[in-house]
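A quick write-up on the structure given underneath.
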Amino acid sequence: MPQKDNGKLPAKTVSFWRDSVDFHEFPALEENIQVDVCIVGGGITGITAAYLLADEGLEVAVLEANQLLNGTTGHTTAKITAQHGLIYDELITNLGKSKAKLYYEANMHALRFVKETVKKLKIDCDFSDQDAYMYATSEEYADKINKEMKAYKKLGIDGGNAETIPLDVSIKNAVVMHNQAQFHPLKYLTHLTQVMKEKGVQIYENTTAVNVETGEHPAVLTRNDCRVTAKHVLACSHFPFYEGLGFYSTRMYADRSYIVAAKPKKDFPGGMYISAGKPTRSMRSVTINGEEMILVVGESHKTGQGKDTMKHYQALEDFGEHVFGLKDIPYRWSAQDLTTLDKVPYIGEITTGQPNILIATGYRKWGMSNGTAAALLLRDIVLDKKNPFRDLFTPSRFYATPSIKNFLVQNADVAEHLIKGKLETSDADPDTLGNDEAAVISIDGDRKGAYRDQDGELHIVDTTCTHVGCEVEWNSGDRSWDCPCHGSRFSYTGEVIEGPAEKPLPKHDHTMLENLTSEESGY
């Protein structure tokens, strides 16, 4: 059962980015259409790609299953940076120096694009240049930062050793990457949306793409039986809505992290910060209602495999209180991210030999830079232009180290949770649930999920994920049912929040349950 809110944490999970921007509503697709490019997904990659391709004179349609910018992009930390944790020493070891350097250059190219676009279009989005710091609080991670600094030097990265950081945190070592940035992502992207709309881009919300008919002119098929025929299809949804024969479910894993926006007692010193060790702690400033506040981020875990999610928020509040002193926490929210086998995104042909169906996914926690880099690469592929980053990101790549190991580890984890969920039993009684509480229950021997909302209404759904059949777990912090195998998420009424699942969890008629005896119900 969910833990009640403690301390200063707000009762609701609301993203500040989403709460501080007015959104234009777009219609659902209700007819068959034909365009040059069909983009599925209304986050940073889809919107940036649509803007870029419309600027080239192409006819573009964007399909979004819910509302634009309501997924990972609307719940990001919004750092635009090439400093992606302890990554460059690892990339040099596994992929080689040249590809590690390309990864850095791709993300810096994306950062410069955002900066130039903000200036060119005069976008008021709180863009600011910042240095990005990574610090270690243990000897183990101090040594890893030393290796990362050596990687910076090998790759010519603008940065190096930082002997101290201006935070009340005892550190053993730190590295800095200069000339990075932060912004308000939705102010930036809603402006791009308006520009691309003026350029003729067709935008459809509440339009779920479910499949692709392949061929010289592929067609995207929607849940309500509409069809978008195009020369190119770009799958820019968080998890690819269409996997083809790419088996992306087996080549990525999903994890969640948590964010609190807080008003500190101490002034924030500037810069962006992230810890090298676990649990991760990330910090940056943000302006809310004219006041400088901070975002405290971290507590990541695989989706559906964490502890009581309110405890993750509480841990971030405790950390923020220790470092800054907190007056208030107006917002808290969480985000979901996908990690590939080698930690480099998959961007390009969905499978070898399908040049007109492209995907972009697996950004880890760095979607603002990787997502923009993806849009720039997708544009060049569509226009058949050379791009130096194409081979680096191609989804068909395979590196024996670490791909084989990570493939085996991730899919063993899936198998474990698939079996574990089937064996679990519960004797919980939905009649004992208080408002805003949930539990796994058993009805006639079948596993169900019960949640009583804040108005006292009971909602019961089947707990078997509609993707490959793993059993979902309750996420109390976000009031959702999350799958521990591939990261699908469902609302408490069973609707799909995040893929790869496409179908909702079946609802159980609890009015029938109320008429059964406890013996008949299996309690």
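These numbers come from a predicted model, not from an experiment. Here, residue 1 is the first one in the sequence, and each next residue gets the next number. No hydrogens, no waters, no symmetry mates; every other heavy atom, side chains included, goes into these values.
Distance alone, capped at 3.5 Å, places no donor-acceptor pair between the Thr361 side chain and the Phe239 backbone. Side-chain N or O atoms of Glu148 include none that pairs as donor or acceptor with a backbone N or O of Tyr152 at under 3.5 Å. Side-chain atoms of Glu291 do not come within 3.5 Å of backbone N or O of Asn289 as any donor-acceptor pair. No donor-acceptor distance shorter than 3.5 angstrom exists from the side chain of Thr214 to the backbone of Pro218, with no hydrogens or angles considered. Between the side chain of Lys99 and the main chain of Leu392, no donor-acceptor pair closer than 3.5 Å is present. In this structure a side-chain-to-backbone donor-acceptor pair under 3.5 Å is missing from Glu64 to Thr207.
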Exercise. Mind running side chain to side chain donor-acceptor pair (under 3.5 Å) on Tyr331 and Thr13 for me, showing each step along the way?
Key: CA-CA 7 Å; Tyr331 294 94; Thr13 304; over 6 Å; no
Exercise. Please report the C-alpha distance between Asp482 and Arg489 in whole Å, then the side-chain angles of each, then the deciding distance to 0.1 Å, and finally whether the salt bridge (charged side-chain N to carboxylate O under 4.0 Å, His left out) criterion is met.
Key: CA-CA 4 Å; Asp482 297 354; Arg489 299 180 60 235; 3.2 Å; yes
Quiz item: Stepwise, does the side chain to side chain donor-acceptor pair (under 3.5 Å) test hold for Gln182 with Ser285?
Solution: CA-CA 9 Å; Gln182 63 186 37; Ser285 63; 3.1 Å; yes
Practice problem: Go through the steps for Asp380 and Lys386 under the test salt bridge (charged side-chain N to carboxylate O under 4.0 Å, His left out), then give the verdict. | Solution: CA-CA 7 Å; Asp380 289 349; Lys386 289 185 178 180; over 6 Å; no
Self-check item: Audit row: Arg256, Glu299, salt bridge (charged side-chain N to carboxylate O under 4.0 Å, His left out) steps and yes/no
Solution: CA-CA 8 Å; Arg256 299 197 66 71; Glu299 289 289 296; over 6 Å; no
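Counting only N and O atoms by type, the side chains of Asn70 and Arg18 include a donor and acceptor under 3.5 Å apart. Side chain to side chain, Thr76 and Lys365 fail the donor-acceptor criterion of an N or O pair below 3.5 Å. For Tyr88 and Glu90, the side-chain atoms include no donor-acceptor pair closer than 3.5 Å. A donor and an acceptor atom, one from each side chain of Asn179 and Asp158, are located under 3.5 Å apart. When only modelled atom types and interatomic distance are considered, Thr193 and Tyr51 share no side-chain donor-acceptor pair under 3.5 Å. With no hydrogens or angles considered, no side-chain donor-acceptor pair links Gln336 and Ser334 at under 3.5 Å.
In this structure, Arg332 forms a cation-pi arrangement with Tyr313, its terminal cationic atom sitting closer than 6.0 Å to the ring centre and no more than 45° off the ring axis.
Tyr248 has its side chain within reach of Ile350: a pair of non-hydrogen atoms, C-beta onward, lies under 4.5 Å apart. Looking at Ile80 and Thr372, their side chains never come closer than 4.5 Å, going by heavy atoms from C-beta outward. Side-chain contact between His24 and Phe26 is present, with heavy atoms from C-beta onward closer than 4.5 Å.
Checked against the 6.0 Å centroid criterion, the rings of Tyr346 and Phe393 do not qualify as a close aromatic pair. Between His184 and Phe16, the distance separating the two ring centers is shorter than 6.0 angstrom. For His75 and Trp17, the gap between ring centers reaches or exceeds 6.0 Å. His84 and Tyr103 have their aromatic ring centers within a separation under 6.0 angstrom.
Counting heavy atoms of neighbouring residues, nucleotides and ligands inside a 6.0 Å radius, atom NZ of Lys187 exceeds 12 of them. Within a 6.0 Å radius of CD in Glu198, other residues, nucleotides and ligands contribute more than 12 heavy atoms.
If you take CG on Leu378 and CD1 on Ile347, they are separated by 7.0 Å, rounding to the nearest 0.5 Å.
A side chain to side chain contact (heavy atoms under 4.5 Å, CB included) with Val40 is found for exactly one of Thr222, Val220, Ile359, namely Val220.
Between Asp342 and Arg397 a salt bridge is recorded (basic side-chain N to carboxylate O distance below 4.0 Å). Ion pairing of Glu292 with Lys263 is absent here, as no side-chain N (NZ or NE/NH1/NH2) approaches a carboxylate O to less than 4.0 Å. Using a cut-off of 4.0 Å between Lys/Arg side-chain N and Asp/Glu carboxylate O, Lys231 and Asp36 are scored as salt-bridged.
Ring geometry for Tyr273 against Phe268 counts as perpendicular: the plane angle is over 60°, on a 0 to 90° scale with 30° as the lower cut.
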